[in-house]
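See below for the structure under consideration.
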Amino acid sequence: MLDKTYDPTQFESKLYDFWMDKGYFTPKAEIGKPYFSIVSPPPNITGQLHIGHGLDNAIMDTVVRFKRMQGFNTLWLPGTDHASIATEVKIVEQLKKEGIDKHDLGREGFLARAWQWKEKYGGRIVEQLKKLGSSCDWSRLAFTMDDKCSEAVRKQFVSMYRKGLIYRGNRIINWCPVCKTALSDAEVEYSEQDGHLWHYGYTTPDGETTVVFATTRPETMLGDTAVAVNPNDPRYTHLLGKTVIVPFVNREIPVIADEYVDMNFGTGAVKITPAHDPNDFEVGVRHNLPVIRVMNDDGTMNENAGEFAGLDRYEARRRIVDRLREMGRLVKVEAHKHNVGTCYRCHTTVEPIVSRQWFVKMQPLAEPAIRAVRDGEITFHPERFAKTYFNWMENIKDWCISRQLWWGHRIPVWYCDDCGAEICEETDPTECPNCGSKHIHQDEDVLDTWFSSALWPISTLGFYRDSDDFKAFFPTSVLSCGYDIIFFWVARMIFSSLYATGQVPFRHVLMHGIVRDEQGRKMSKSLGNGVDPVEFIDKYGTDTLRFALINGVANGSDIRFAPDKIEGTRNFMNKVWNASRFVLLNADGKQLTDIAKCRLTLADKWILTRLNDTVTEVTDLLEKYELGMAAQTLYDFVWSEFCDWYIEFTKPVLYGTDENARRDTLSVLCYVLDAILKLLHPFAPCITEQIYQAMPNHAESIMIQPFPTKRTDLDFRDDARLVEELKDLVTKVRNIRSEYGVAPSKRIRLYVEVTDERIRECDLYLVKLCNLEEAVFAPAPDGEKTVRAVGTAAACEVPLGDLVDKDKETERIRKELDNVCGEIARAESKLANPGFLEKAPAQLVDNERAKLAKFTELRRQLLARLDELQ
RNA sequence: GGAGGCAUAGCUCAGUUGGUUAGAGCGCUCGCUUCACAUGCGAGAGGUCGUAGGUUCAAGUCCUACUGUCUCUACCA
């Protein structure tokens with residue numbers, strides 16, 4: 001039997017262990033069997049569980065449990081990510097506290113520390129994920145740097161290298177002077193900052209003409225190798241082909257013409273620094289300009305900076321501006337807001353720098369990736385995110401994949417010290433295949449962490465090992481992640497998988513939003529407004545966490561995680577618990593009947609019909625991955641129909657003396673509760689299993705039971721409609737009681753005049769739900785003062801004696817009459833519209849006619865009542 | 001600059017091929033220790049669905065423009 005109070009901490013972790021012991025999470029790789037598979041987005045080993053993981057896992061577990069119950073061979077494969085740069089930053093910080101520089105340890109020593117870190121924090125996050133109740137297969141737990149994944153990275157790299165899709169070159173990249181590594185474009189975040197536009201100029205050697213321009217980064221002038229103007233700009237035609245002198249370094253540079261220059265911006269002249277600006281770099285390529293780097297990797301000025309060498313970039317900027325001012329060259333200084341790129345890990349302003357790095361050539365990879373989504377091989381939910389995807393893919397630039405870090409997959413390229421050959425093989429070479437020299441050395445850099453993440457679905461399933469898992473579970477069915485990593489991850493998995501396997505990595509992409517705080521702010525460490533899922537689960541349980549994150553939330557929209565929402569969800573769990581307790585307390589030790597053999601009451605028929613509706617709706621919604629609406633549908637059914645009405649309907653029977661009726665009603669109660677538990681299980685796995693285990697005739701576990709399906713043999717539309725009429729009457733009578741201040745405990749008599757004879761069967765329901773002393777199926781005796789509730793199946797009269805106020809009652813009836821007349825007018829005007837009759841579906845026209853008939857009848861009765869009152 | 005989202009009850013939000021009287025939770029008002037649940041029960045009040053046009057028999061839903069707001073993306077020195 002269930003405990004008196006709902007306390008999830010008493011059973012959640014026990015149930016998880018039970019499921020694990022039974023091996024329910026671990027499917028066999030059965031090739032050809034209908035399957036459902038998800039490969040989990042791997043959390044970074046740097047961190048701990050946050051609410052975003054909670055959301056991600058709640059979504060995946062709900063879908064996975066649903067599909068498992070539907071009978072699919074279901075795999076949910078979990079893992080963790082080495083998170084190259086993020087982890088390395090953390091370890092460097094840790095070392096710093098111990099007074100150690102990473103270079104003191106050397107590469108080997110550092111990597112040893114990193115693996116220690118991985119053991120500690122990777123293990124911790126796995127334990128935290130288990131608290132969520134996620135039914136993932138821990139026997140297949142993967143790590144981006146384990147053998148299988150490393151092998152995939154190696155093979156993919158070599159293959160792409162050989163096809164010329166990976167190349168090494170000098171390009172402008174984003175450089176983080178703190179992390180001291182290159183970053184991809186996706187790893188740069190822009191933030192608007194207050195800066196300045198400094199206007200000054202360079203003068204021709206003869207000292208006669210000065211070309212004035214504006215810049216936000218004066219320090220880069222030391223690397224200027226040209227001044228550019230628009231070829232169509234008449235102001236500067238006379239200067240084309242001339243030269244000007246860069247002060248401080250006294251370099252003579254040409255004035256060139258290039259379309260890139262916007263004549264209407266500033267003075268129409270631009271200083272060109274090919275080594276430190278992406279656009280200038282392009283200009284430099286077109287005009288064959290020298291590339292002069294003036295900065296070191298740590299953001300200080302290098303030897304090319306002349307008198308400013310050794311200064312930090314910002315100090316150099318200040319000094320240069322000061323000097324220009326002293327020299328009288330500074331024409332103007334303007335305040336200027338501009339977007340500055342920052343490192344997504346440490347938020348330092350990145351420096352565009354020319355550097356020799358490895359790149360993935362994107363154009364050939366992007367095309368099939370765009371096609372796959374366009375052709376519907378992959379579907380985004382909601383669809384609009386496909387646009388975001390196209391937008392990025394169609395304007396994609398080459399992907400810088402080398403990082404000047406140690407923690408990660410080392411680039412599998414060796415260089416021959418003797419002949420300079422570049423060697424890229426699947427197995428580590430020992431000598432140069434070109435000249436036979438033994439003097440070879442490996443590239444020092446590691447790969448962007450997202451290069452391995454991009455292979456995650458194929459590497460974890462063992463594509464490069466020809467494994468059964470791959471054959472049984474690929475392409476995966478669903479990918480679930482936040483919209484913030486579409487570029488980092490989703491897009492890259494798509495083109496990487498298409499390249500390697502010729503197949504898409506997943507069929508459906510479920511995008512969710514960001515979990516925000518009560519005021520709609522992002523949760524962050526600095527604001528201290530984050531919700532720790534582990535703490536939350538210890539307090540409320542994982543079912544409440546999961547349901548609160550999913551219920552009523554539209555796909556892809558951000559979620560406000562507010563305390564009253566949490567309480568509401570907890571209350572719902574409590575409701576489920578107590579309703580179950582009611583059923584189980586009554587069913588305890590009683591014999592039940594097969595539902596198909598029960599003599600069903602009207603209420604039974606109603607709830608079974610409504611259950612059918614709910615099963616259909618929830619199943620449809622889940623199949624469309626509309627989890628929020630599916631949960632909402634269940635919430636409403638459980639609370640507003642099963643608890644508020646059906647359980648109340650059963651009470652007169654359960655507390656009555658007819659043993660057969662009691663048995664049958666209990667059978668229906670148990671049947672419906674059992675179905676509710678199963679429907680709810682994907683969303684709230686623990687509470688449903690706990691209750692299920694207390695049910696009569698339960699099987700080993702709810703999680704391997706079939707998901708409920710519609711019972712056409714238990715569908716009673718007509719009776720269900722009648723019960724809706726009954727509910728309507730009950731509400732109206734209660735309303736009258738409330739309006740007239742009849743004490744809830746006061747039992748009254750009710751006179752009922754039926755239009756639908758079946759209402760007579762509802763005697764007990766009326767007595768119980770309206771708290772009657774009796775229901776008399778006759779008109780009220782003459783002279784009895786009553787208030788009337790009018791419905792289509794019956795009209796009820798509540799005798800209230802002197803409480804009845806003629807004016808008040810007239811007013812009440814008039815108000816209802818207004819409403820009814822409004823509806824009649826509406827229906828009539830629709831039915832009078834020839835267009836509607838011709839073009840609207842027949843069903844709709846019929847509905848409208850039925851509605852008109854119903855309201856006309858109500859109007860008749862209301863008018864009759866008004867007459868009586870006169 | 002480009003793209004996209006949002007704008008519905010006091011608040012937070014659902015509302016998916018256009019089709020019953022636009023819903024929920026919270027809050028609010030009134031009343032209830034009714035034997036599953038006060039984490040509850042019953043009854044209510046509260047919305048011309050941002051503005052203006054258009055398409056349609058029919059628009060919260062589709063189209064156009066506008067206003068407000070948020071996000072992504074690019075980046076002109």
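Order of the sequence lines fixes the chain letters, A, B, ..., with proteins taken first and strands second; residue numbering starts at 1 for each chain. These numbers were taken from a predicted model, which means no experiment stands behind them.
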When you measure from the side chain of [X], which nucleotide among [options] comes out closest?
X: A:Arg826; options: B:G44, B:C57, B:A22; answer: B:A22
X: A:Lys575; options: B:G25, B:C75, B:A36; answer: B:A36
X: A:Phe487; options: B:G19, B:A74, B:U73; answer: B:U73

In terms of the nearest nucleotide of RNA chain B, which residue is placed more toward the 5' end: A:Pro744 or A:Lys768?
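On the 5' side of the pair lies A:Pro744.
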Would you mind telling me which residue lines up with the more 5' stretch of RNA chain B, A:Asn555 or A:Val261, judged by nearest nucleotide?
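By nearest-heavy-atom nucleotide position, the 5'-most residue is A:Asn555.
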Grab the [atom1]-[atom2] distance between [X] and [N] for me, whole Å please.
X: A:Gln519; N: B:C70; atom1: CD; atom2: P; answer: 16 Å
X: A:Met511; N: B:G5; atom1: CE; atom2: P; answer: 16 Å
X: A:Tyr483; N: B:A3; atom1: OH; atom2: C1'; answer: 15 Å

Should A:Arg516 and A:Phe561 count as side-chain neighbours, where that means a heavy-atom distance under 4.5 Å?
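Of all side-chain heavy-atom pairs linking A:Phe561 with A:Arg516, none is under 4.5 Å.
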How are the rings of A:His508 and A:His381 set relative to one another: parallel (under 30°), tilted (30 to 60°) or perpendicular (over 60°)?
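Tilted: the ring planes of A:His508 and A:His381 meet at 30° to 60°.
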Could you give the distance separating B:C63 and B:U69 at their C1' atoms, to the nearest angstrom?
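That atom pair is separated by 23 Å.
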Pick the C1' atom in B:A7 and in B:G60, then give their distance to the nearest Å.
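Taking atom C1' in both B:A7 and B:G60, they lie 12 Å apart.
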Remember a base hit wins even if backbone is also touched, and classify A:Ser580 as base, sugar-phosphate or nothing at under 4.0 Å, heavy atoms.
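Since no nucleic acid heavy atom lies under 4.0 Å of A:Ser580, the category is nothing.
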Looking at A:Asp258 and A:Arg286, is any side-chain nitrogen of the basic one under 4.0 Å from a carboxylate oxygen of the acidic one?
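Counted as a salt bridge, because a side-chain N and a carboxylate O are separated by less than 4.0 Å.
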Does the gap between the ring centers of A:Phe487 and A:Tyr389 come in under 6.0 Å?
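They do not qualify: ring centres at least 6.0 Å apart.
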Do the side chain of A:Asn339 and the base of B:C75 come within less than 3.5 angstrom through a donor-acceptor pair of N or O atoms?
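Yes, the side chain and the base share a sub-3.5 Å donor-acceptor pair.
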